[in-house]
Number of protein chains: 2
Amino acid sequence: MPLLMLKDLPRYECLLKAAEKYPGLEPMACHAFFHLLRTGDAVYAAEGGFLATHHVSQGRFNVLMLLNRCERQMSTPAELAEEAGVTRATMTGLIDTLEKDGLVGREDHPENRRTIRVRLTKAGRAYLKKLTPKYFRRVSEMIEPLNELERKQLVRLLEKVQRGLNRKLGGSIAIKA
Amino acid sequence: MPLLMLKDLPRYECLLKAAEKYPGLEPMACHAFFHLLRTGDAVYAAEGGFLATHHVSQGRFNVLMLLNRCERQMSTPAELAEEAGVTRATMTGLIDTLEKDGLVGREDHPENRRTIRVRLTKAGRAYLKKLTPKYFRRVSEMIEPLNELERKQLVRLLEKVQRGLNRKLGGSIAIKA
DNA sequence: CATAAACAGTTAGGCTCCTTACTTTCAGGC
DNA sequence: GCCTGAAAGTAAGGAGCCTAACTGTTTATG
């Protein structure tokens, strides 16, 4: 679960001091940025650690969840890549491993010979059936320190940041200096 | 900037529905969890994208910042690894690249022949001097959608989650199923 | 002191993701 | 119909992190 992060975040007083030197530096904004990065990473690492004890990576778990939803249990690699937010090439690798582990299978597509269909195997369904409840329980636990109101607040604040980022990215094509 | 993520988060109504099936699933907790993961990733990716336009990775940039702080401009790999939160092996690689780019230099340690000292070169200092103001401005921009109060709220909520995770990890040695 | 333990940096190899480029198959315009 | 372009899956190779094992140096201990 990489994301190289500082072990100890810069203290707020240091940011105040740094702000004198760098005109564009908003101390509280940077403070919030570092916290967001670190906590996001911590939560991500905790999820990854949990899944690792069940011998699956985040990427592969997401594929399984996508296949499991709504009783479709069948999908093309391109669809899965799009939905999971990875490239098709990456999806090939994820499916390779899942297939090797016997959790999904590849089959020919009856109408389009360019593509294939990926389907959960019986073992894949059983695996998910066992893991999913634990997974949701574990995820819920991570947010347990916040009460219902705080959870809503957090979502609201994160959505605001997210919208800002999307606007910025949308506006300037790429991330330009 | 990986972290495989769902392109579209599960909608809250779906979580409500899923909660009927999985007793441990707290809908709003999962909702918040997914938002935290996604926004953390978005912010991380934005930072990485910005740094990439300046031909440096997050990891290497962190090393430079650590070396630059407080006029010490000198450190051992082990210290840097500890402070940056990566393994010594990873730090070796980061320093290798930075050295190849001429931004840092390795020198013998006068008192301990096991270790070495890493120091910013003139070019490294110049590079940082040019990049740092932009970096802080960019980071500040990302949090711009939030006003001062909201930033403080966000930090408070994230700290609460973080403390919960630390407690859990501290209590149970590893992340057990 | 001599020897075992601890410690620093590095090397080798693995994992997950990426980009780029290739091959096959399909679809639309002439 | 043919041929160009688009789309799908894959292969090859890279980046960034990891763990485990190796090498040399220092420290502690019996």
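Every chain is numbered from 1, with letters handed out A, B, ... down the list of sequences.
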With sequence neighbours left out, write down each residue that passes side-chain contact (heavy atoms from CB on, under 4.5 Å) with [X], or none if nothing qualifies.
X       : result
B:Thr92 : B:Asp96, B:Arg106
B:Ala29 : A:Ser140, A:Ile143, A:Arg151, B:Glu26
A:Thr97 : A:Arg60, A:Lys100, A:Asp101

Going by an N to O cut-off under 4.0 Å, is there a salt bridge joining [X] and [Y]?
X        : Y        : value
A:Arg137 : A:Glu144 : no
B:Glu150 : A:Arg156 : yes
A:Arg69  : A:Glu83  : yes

What does the list of N/O pairs under 3.5 Å between the protein and nucleotides 7-10 of chain D look like, with a distance for each?
{"unit_1": "D:dA8", "atom_1": "O3'", "unit_2": "A:Thr115", "atom_2": "OG1", "d": "3.0"}
{"unit_1": "D:dA8", "atom_1": "N7", "unit_2": "A:Arg88", "atom_2": "NH2", "d": "3.4"}
{"unit_1": "D:dG9", "atom_1": "OP1", "unit_2": "A:Pro77", "atom_2": "N", "d": "3.3"}
{"unit_1": "D:dG9", "atom_1": "OP1", "unit_2": "A:Thr115", "atom_2": "OG1", "d": "2.6"}
{"unit_1": "D:dG9", "atom_1": "OP2", "unit_2": "A:Ala78", "atom_2": "N", "d": "2.8"}
{"unit_1": "D:dG9", "atom_1": "N7", "unit_2": "A:Arg88", "atom_2": "NE", "d": "3.1"}
{"unit_1": "D:dG9", "atom_1": "N7", "unit_2": "A:Arg88", "atom_2": "NH2", "d": "3.1"}
{"unit_1": "D:dG9", "atom_1": "O6", "unit_2": "A:Arg88", "atom_2": "NH2", "d": "3.1"}
{"unit_1": "D:dT10", "atom_1": "OP1", "unit_2": "A:Arg106", "atom_2": "NE", "d": "3.3"}
{"unit_1": "D:dT10", "atom_1": "OP2", "unit_2": "A:Thr92", "atom_2": "OG1", "d": "3.4"}
{"unit_1": "D:dT10", "atom_1": "OP2", "unit_2": "A:Arg106", "atom_2": "NH2", "d": "3.1"}

Practice task
Could you check how far NE2 of B:His55 sits from P of D:dG16, rounded to whole Å?
Solution key: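 The distance from NE2 of B:His55 to P of D:dG16 comes to 13 Å, rounded to the nearest Å.
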
Exercise for the section: Rounded to the nearest angstrom, tell me the gap between atom CG in B:Leu80 and atom C1' in D:dC17. Expected result: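 These atoms are roughly 17 Å apart.
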
Problem - Where at least one partner belongs to residues 131-164 of chain B, residue pairs that pass ring-ring contact (aromatic ring centres under 6.0 Å, His included), sequence neighbours excluded - result: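 For residues 131-164 of chain B, and leaving out neighbouring residues, the ring-ring contact (aromatic ring centres under 6.0 Å, His included) pairs sorted by first residue read A:Tyr22-B:Phe136, B:Phe61-B:Tyr135.
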
Handout entry: Global bending angle along the helix from C:dC1-D:dG30 to C:dC30-D:dG1, which compares the axes of five pairs at either end, to 10 degrees
Key =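 Computed angle between terminal axes is 10°.
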
Problem - Result of checking A:Leu154, A:Leu158, A:Leu157, A:Val155 against B:Thr39 for side-chain contact (heavy atoms from CB on, under 4.5 Å) - result: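 Exactly one option meets the side-chain contact (heavy atoms from CB on, under 4.5 Å) with B:Thr39, and it is A:Leu158.
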
Handout entry: First of A:Glu111 and A:Thr97 reached from the 5' end of DNA chain C, by closest nucleotide
Key =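 Closest to the 5' end, via its nearest nucleotide, is A:Thr97.
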
Problem - Nearest-neighbour nucleotide for the A:Thr87 side chain, C:dT25, C:dT16, C:dC18 considered - result: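 Nucleotide nearest to A:Thr87's side chain: C:dC18.
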
